[in-house]
Amino acid sequence: MASRGAFYHNGIQDGWLNRNEVRNMEGLNREDGLEKFMYPANLNVVGETNKEE
């Protein structure tokens, strides 16, 4: 369980798995908005910029 969690964590954080792919591998339903890939810089969404308010 711990090694599978680490695999998913690294895949999501390093941007080579998206959260819906992980949900699919675990037999869970897809969720809207989780198909976007993340990257390590504070886990921002690829292609989106931080907007200052």
Side-chain angles (χ1 to χ4, degrees):
M1 193 81 164
S3 63
R4 190 165 73 230
F7 173 79
Y8 294 150
H9 174 80
N10 290 336
I12 291 169
Q13 206 168 32
D14 293 342
W16 49 271
L17 278 175
N18 70 43
R19 293 163 290 171
N20 269 330
E21 290 173 323
V22 172
R23 291 182 63 80
N24 183 54
M25 287 188 267
E26 287 296 306
L28 300 170
N29 293 329
R30 298 179 65 78
E31 294 288 335
D32 291 338
L34 299 184
E35 68 283 341
K36 295 178 180 178
F37 288 90
M38 310 295 276
Y39 63 92
N42 296 324
L43 292 178
N44 296 302
V45 176
V46 173
E48 292 183 12
T49 59
N50 288 336
K51 297 176 183 162
E52 304 231 358
E53 297 182 66

| task | Determine the minimum heavy-atom distance between Arg23 and Leu34, stating which atoms define it. | result | CD-CD1, 3.7 Å
| remark: Nearest heavy-atom approach of Trp16 to Glu21 is O-OE1, 4.1 Å
| Roughly how far, to the nearest 0.5 Å, is the CZ atom of Phe37 from the CG atom of Leu17? | 7.5 Å
| Which is it for Asn20 and Glu31 under the side chain to side chain contact (heavy atoms under 4.5 Å, CB included) test, yes or no, and what are the steps along the way? | CA-CA 7 Å; Asn20 269 330; Glu31 294 288 335; 4.3 Å; yes
| said: Rounded to the nearest 0.5 Å, what separates atom CZ in Arg4 from atom CE in Met25? | reply: 10.5 Å
| note | Between the CE atom in Met38 and the CG atom in Asp14, the distance rounded to the nearest 0.5 Å is 12.0 Å
